S.K.: 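Please find one structure pasted underneath; my questions will follow.
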Amino acid sequence: MKKPIRRSPIALAILALLIREPMHPYRMQQLIKERGKDIVINVHHRTSIYQTIERLLRDEAIQVMQKQRQPGKPDFTIYTITDRGKETVYKWLREMLSTPKDEFFDFPAAISFLALLPPEEVIKELQKRISILQTKLENSRKSTKESIADGLPRLFLLEIEYQQVLQHAELMWLKDIVQSIQSHQIWWDREWLEKIAQKFTSAEEE
C-alpha cells in the first residue's frame, strides 16, 4: 500500500493547476501570483515549487509530460497530473474545507510570553502591528473593490475575503487589548508576576 502524499498549500496549488492543463514550474508560479493566490500560498521562492514538484513526482501524483532541450540552460520540463494526483487533490480539498487544523503561528506564541516585556513596551509594539494591519486591510479592500468593478466574480475572491475577515477581527482584538493595558485592566510588573508564579506553582504541588 502506498503511503499518503504529504499535504501542503503549494502541493494543493500545483495539483489544482495541473488539473486544468499540463505546465512547467515557472508558469505555475506566474499563475499563482497573477490570480492573487500568493496571499495564501507562499511561492515567493521558486525553489519551494521545485522541491514540492520533486516530492509529488516521487509520490506519483504528477509525471513528466515532455522535456524540451534549451542550449546552455536547464531542460524545460512540462508536468501533467496522474490519476492518483487527481484523487489526492479532491480528497485534500474536502478535508481542508471541512476540518479545522491546529496550526502554530509566530504571533500567538509571542502573545503567550508577552509578560516578559513591560506593559509600556507591549503597547508600543502592538500599536505598530495595528498600523501595519490597518494599511494591509485598507489596501486589500481597495484591490477587492477594483476587481469586483472589473467584473471578477466573488467566487474568485473568497480567499482574500477570508483574509480580510481575519485581519479585521485581529484589529478589533488588538485595539481592545491595548486599551485594556492602557487602562490597567490588564497589567503586570515583576512583583505581581512572582506572586502569580508562586501561587500557581504551589497549587500544582499540592
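Bear in mind that the values here come from a model prediction, so they are computed numbers and not experimental data. Note: hydrogens, waters and symmetry copies are ignored here, and every other heavy atom, side chains too, is used.
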S.K.: Spell out, as yes or no, whether a donor-acceptor pair under 3.5 Å connects the side chain of S143 to the backbone of N139.
M.R.: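 No.
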S.K.: State the CD1-CE distance between I78 and M23, to the nearest 0.5 angstrom.
M.R.: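 Rounded to the nearest 0.5 Å, the CD1-CE separation comes to 10.0 Å.
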S.K.: Identify which one of I5, T52, L56 satisfies the side-chain contact (heavy atoms from CB on, under 4.5 Å) criterion when paired with L15.
M.R.: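 Among I5, T52, L56, the one that satisfies the side-chain contact (heavy atoms from CB on, under 4.5 Å) with L15 is L56.
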S.K.: Do any N or O atoms from the side chain of T99 and from the backbone of M96 form a donor-acceptor pair under 3.5 angstrom?
M.R.: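 Such a contact is absent between T99 side chain and M96 backbone.
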S.K.: Quick one: does any side-chain atom of T82 pair with a main-chain N or O of E60 as donor and acceptor, under 3.5 Å?
M.R.: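 Yes; judged by distance alone, with no hydrogens or angles, the pair exists.
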S.K.: Of all the heavy-atom pairs spanning S8 and R55, show the shortest one and how long it is.
M.R.: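 Shortest heavy-atom separation between S8 and R55 comes out as OG-NH2, 3.6 Å.
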S.K.: Would you kindly confirm whether M172 and I181 end up in one hydrophobic cluster when ILVMFWY residues are joined by side chain heavy atoms under 4.5 Å apart?
M.R.: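 Yes, it is one cluster - the side chains of M172 and I181 are joined through contacts under 4.5 Å.
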S.K.: If you look only at pairs with a residue in residues 135-157, which of them pass as a salt bridge (Lys or Arg N to Asp or Glu O under 4.0 Å), with sequence neighbours excluded?
M.R.: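 For residues 135-157, and leaving out neighbouring residues, the salt bridge (Lys or Arg N to Asp or Glu O under 4.0 Å) pairs sorted by first residue read R154-E161.
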S.K.: To which residues is L166 joined in a hydrophobic cluster, defined by side-chain heavy-atom contacts under 4.5 Å among Ile, Leu, Val, Met, Phe, Trp and Tyr, whether direct or through other members?
M.R.: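 Members other than L166 - counting any ILVMFWY side chain reachable under 4.5 Å - are Y162.
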S.K.: Do the non-hydrogen side-chain atoms of L158 and F156 ever get within less than 4.5 Å of each other?
M.R.: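 When only atoms from C-beta onward are counted, F156 and L158 do not touch, as no gap falls below 4.5 Å.
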S.K.: Step by step, would you call I62 with T80 a side-chain contact (heavy atoms from CB on, under 4.5 Å)?
M.R.: CA-CA 6 Å; I62 63 175; T80 187; over 6 Å; no
S.K.: Are L116 and V122 connected in the hydrophobic side-chain network, where two residues link if heavy atoms are under 4.5 Å apart?
M.R.: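 L116 and V122: separate clusters.
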S.K.: Output the distance between atom CD1 (I10) and atom CD1 (I32), rounded to the nearest 0.5 Å.
M.R.: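 Between atom CD1 of I10 and atom CD1 of I32 there are 7.5 Å.
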S.K.: For Q163 and S140, test the side chains for any donor-to-acceptor distance below 3.5 angstrom and give the result as yes or no.
M.R.: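 The criterion, which ignores hydrogens and geometry beyond distance, is not satisfied for S140 and Q163.
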S.K.: Should I186 and I177 count as side-chain neighbours, where that means a heavy-atom distance under 4.5 Å?
M.R.: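 SC-SC contact between I186 and I177 confirmed.
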S.K.: Atom CD1 in I41, atom CD1 in I14: separation rounded to 0.5 Å?
M.R.: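 One finds 9.5 Å between CD1 of I41 and CD1 of I14.
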S.K.: Does T135 use its side chain to pair, donor to acceptor, with the backbone of S131 at less than 3.5 Å?
M.R.: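 It does hold such a pair.
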S.K.: Would you indicate whether the side-chain heavy atoms of I130 and V178 approach each other to under 4.5 Å?
M.R.: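 In short, these two side chains touch, coming nearer than 4.5 Å.
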S.K.: For residues 5-26, which residue pairs pass the salt bridge (Lys or Arg N to Asp or Glu O under 4.0 Å) check, not counting sequence neighbours?
M.R.: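 Sorted pair list: R7-E95.
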S.K.: Ring centroids only, cut at 6.0 angstrom: are H24 and Y79 within range, meaning strictly under it?
M.R.: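 Centroid separation for H24 and Y79: 6.0 Å or greater.
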S.K.: Has the side chain of Q63 got a donor or acceptor atom that lies under 3.5 Å from a matching backbone atom of L57?
M.R.: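 Checking the backbone N and O of L57 against the side chain of Q63, no donor-acceptor pair under 3.5 Å is found.
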S.K.: Taking atom CD1 of I19 and atom CD1 of I81, what is their separation to the nearest 0.5 Å?
M.R.: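 So the gap between those two atoms works out to 4.5 Å.
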S.K.: Tell me the closest heavy-atom pair linking P108 and F105, and the distance in Å.
M.R.: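 Between these two residues, the closest heavy atoms are CD-O, 3.4 Å.
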S.K.: Taking a hydrophobic cluster as the set of Ile, Leu, Val, Met, Phe, Trp and Tyr residues connected by side-chain heavy atoms closer than 4.5 Å, whether directly or through intermediates, do L17 and Y26 fall within one such cluster?
M.R.: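 Each belongs to a different hydrophobic cluster.
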S.K.: Taking C-beta and beyond as the side chain, do N42 and H44 meet within less than 4.5 Å on heavy atoms?
M.R.: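 Result yes, sub-4.5 Å side-chain heavy-atom pair found.
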S.K.: Atom OH of Y50 and atom CD1 of I53: how far apart are they, to the nearest 0.5 Å?
M.R.: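 One gets 7.0 Å once the value is rounded to the nearest 0.5 Å.
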S.K.: Give me each pair satisfying salt bridge (Lys or Arg N to Asp or Glu O under 4.0 Å) with a member in residues 176-194, each pair once, sequence neighbours excluded.
M.R.: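 Sorted result for residues 176-194: E191-K195.
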S.K.: Using modelled atom types and a 3.5 Å cut-off, is there a donor and acceptor pairing between side-chain atoms of T77 and backbone atoms of K67?
M.R.: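 Pair absent, no side-chain N/O of T77 close to backbone of K67.
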S.K.: If a pair satisfies ring-ring contact (aromatic ring centres under 6.0 Å, His included) and one of its residues is in residues 163-199, list it, with sequence neighbours excluded.
M.R.: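 Residue pairs passing ring-ring contact (aromatic ring centres under 6.0 Å, His included), neighbours aside: H184-W187.
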S.K.: Group every Ile, Leu, Val, Met, Phe, Trp and Tyr by side-chain heavy-atom contacts under 4.5 Å, then state whether I123 and L133 land in the same group.
M.R.: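 The answer is yes; both residues are in one hydrophobic cluster.
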S.K.: Examine V89 and L155 and state if one hydrophobic cluster contains both, with Ile, Leu, Val, Met, Phe, Trp and Tyr joined whenever side-chain heavy atoms are less than 4.5 Å apart.
M.R.: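 Yes, because V89 and L155 connect within a single hydrophobic cluster, where side-chain heavy atoms sit under 4.5 Å apart.
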S.K.: Locate the shortest heavy-atom distance separating E159 from G36; write the atom from each residue and the value.
M.R.: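 Looking at all heavy atoms of both residues, the closest pair is OE2-O, 4.4 Å.
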S.K.: According to the salt bridge (Lys or Arg N to Asp or Glu O under 4.0 Å) rule, which pairs have a member within residues 123-133, sequence neighbours left out?
M.R.: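 Found E125-K128, R129-E170.
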S.K.: Is F107 atom CZ crowded by more than 12 heavy atoms from other residues, nucleotides or ligands, each under 6.0 Å away?
M.R.: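 Atom CZ in F107 is crowded, with more than 12 foreign heavy atoms closer than 6.0 Å.
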S.K.: Can you tell me how far the CD atom of Q179 sits from the CG atom of L174, to the nearest 0.5 Å?
M.R.: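 Rounded to the nearest 0.5 Å, the CD-CG separation comes out at 13.5 Å.
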